Amino acid sequence: MPNRGPSDTGAGAEPVPGTGHRHRLRWWTELPLLLLVYLAYSAGRLLARGDVSTAVDHGLAILRAEKALWLNAEHPLNRLFTEHAWIGVPADFWYASLHYLVTPAVLIWMFRSRRVHYRAARTWLLLSTFIGLIGFTLVPTCPPRLLDATHGFVDTMAQYSAYGWWGTEASAPRGLGGMTNQYAAMPSLHVGWALWCGVVLWRHGGRGPLMRTAAVAYPLITTVVVMGTANHYFLDAVAGAAVMGAGLLLTAPGLRFVDRLRARYATARAEAMTGVVPGAAGADAGAVAGHGRAAGADPVRAPAGVAVRTGTGGSSPVVGGGCQTAAGERIPRQRKQSAEHGPRSSEAGDGSPAPAR
């Protein structure tokens, strides 16, 4: 099992670069964020329907490319699923449900048990999803099941619709087929999200055989299912994996960009609350010191044990070896010395100060 730090148990917080604060992940902020992204993704799919004839042309072009490359695995798998209900029905349930169950479950598990790695995993998933949305917009593609029957594909979701909640329009529940974009086949995010789950489980799920088997089997079986149910081409699956790779490459720069924005916001908020620009005091002190050095002022150094007091009006420092003047005295211990020795005329001319009267 991998070593776990404090943040692996959910108690950790991520530092915000450039500030003294730590950013804590809260479920009540993460859940609205994920819901907002998913709603934007679903709405984007609907808006990116495109022209049906263009989508059909793209689908036929992919099919021809696969045949030329000897990659046409959709036909034999689709025949297998349509001829054997004990394979086709579970495959339809797999396609219609696990995509929406396993991915959120892995996210929740990461948030609760591997929080130190959660933010990077979540950002990777979100970035890849948005890249996939761009693909749906630019390359609307007709899935094999919607091609003309002469191309040899059977819609297993329609064939086995009596076994499940879906109708004849993709995996949407009956009566809700109009709320999905059936021509969003390129890339396959069923495969992309399954690959994300597999990588996350492999890296953070420990070294147990069960977890490692699930991490490998889930994306592989999902790839077979999307082709056997005639919902995607093999190249759609390849594109889904490529989208996840692009999202992974953009994750680190994306996190750095967000951290910079968060640091600027935290600094601006601190300035607004305190009215002091961080670092201004240090800058002013440095400016004063630099001005003194530029003027060539030499500091007065006192011997060890001698206190130095500097006047406010630029006067010379007053130095005392631990002595203080009493009222009416100009020199420390003057009155004491006068009382002990008295005035000596022989020393009056040597420059010594005259005793106070």
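Counting from 1, the numbers follow the sequence of the chain as shown. Just so you know, these numbers come straight off a predicted model, no measurement behind them.
Put simply, F257 and Y265 are part of two different groups of oily side chains (I, L, V, M, F, W, Y) that touch within less than 4.5 Å, one to the next. A continuous path of hydrophobic side-chain contacts links L189 to I134 [ILVMFWY only; heavy atoms under 4.5 Å]. Neither M110 nor L101 shares a network with the other; the hydrophobic side chains, linked directly or stepwise wherever heavy atoms of I, L, V, M, F, W or Y lie under 4.5 Å apart, form separate groups for each.
By the 4.5 Å heavy-atom criterion applied to side chains, C142 and L147 are counted as neighbours. The shortest side-chain heavy-atom distance between R145 and F153 does not fall under the 4.5 Å cut-off. In this structure, D236 and P187 have side chains that are not in contact, with every pair of non-hydrogen atoms separated by 4.5 Å or more.
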Problem set entry | Candidate pair Y233 and T141, rule side chain to side chain contact (heavy atoms under 4.5 Å, CB included), full reasoning | CA-CA 10 Å; Y233 307 95; T141 303; 4.0 Å; yes
For this session: Please step through side chain to side chain contact (heavy atoms under 4.5 Å, CB included) for the pair L107 and W196, ending with a clear verdict.
Result: CA-CA 10 Å; L107 269 175; W196 175 87; 3.8 Å; yes
For this session: Check step by step if side chain to side chain contact (heavy atoms under 4.5 Å, CB included) holds for V258 and T123.
Result: CA-CA 11 Å; V258 172; T123 303; over 6 Å; no
Exercise. So R119 and F111, side chain to side chain contact (heavy atoms under 4.5 Å, CB included) or not? Walk me through it.
Worked result: CA-CA 8 Å; R119 185 167 172 247; F111 183 82; over 6 Å; no
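A side-chain donor-acceptor contact under 3.5 Å links S188 to the backbone of V191.
Partners of V89 under the side-chain contact (heavy atoms from CB on, under 4.5 Å) rule, at least two apart in sequence or in another chain, are A85, F93, Y160, Y163.
A cation-pi arrangement is not found for R79 relative to F81, the charged atom failing to lie both closer than 6.0 Å to the ring centre and inside a 45° cone about the ring normal.
Side chains of S128 and W193: no donor on one and acceptor on the other come within 3.5 Å. Between the side chains of N72 and H75, at least one donor N or O lies within less than 3.5 Å of an accepting N or O.
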If you look only at distance, which donor and acceptor atoms sit under 3.5 Å apart when one is on a side chain in residues 210-224 and the other is two or more places apart or in another chain?
residue : atom : partner : partner atom : Å
R212    : NE   : G206    : O            : 3.3
T213    : OG1  : P209    : O            : 2.7
Y218    : OH   : L98     : O            : 3.4
T222    : OG1  : W94     : NE1          : 3.1
T222    : OG1  : Y218    : O            : 2.7
T223    : OG1  : P219    : O            : 2.8

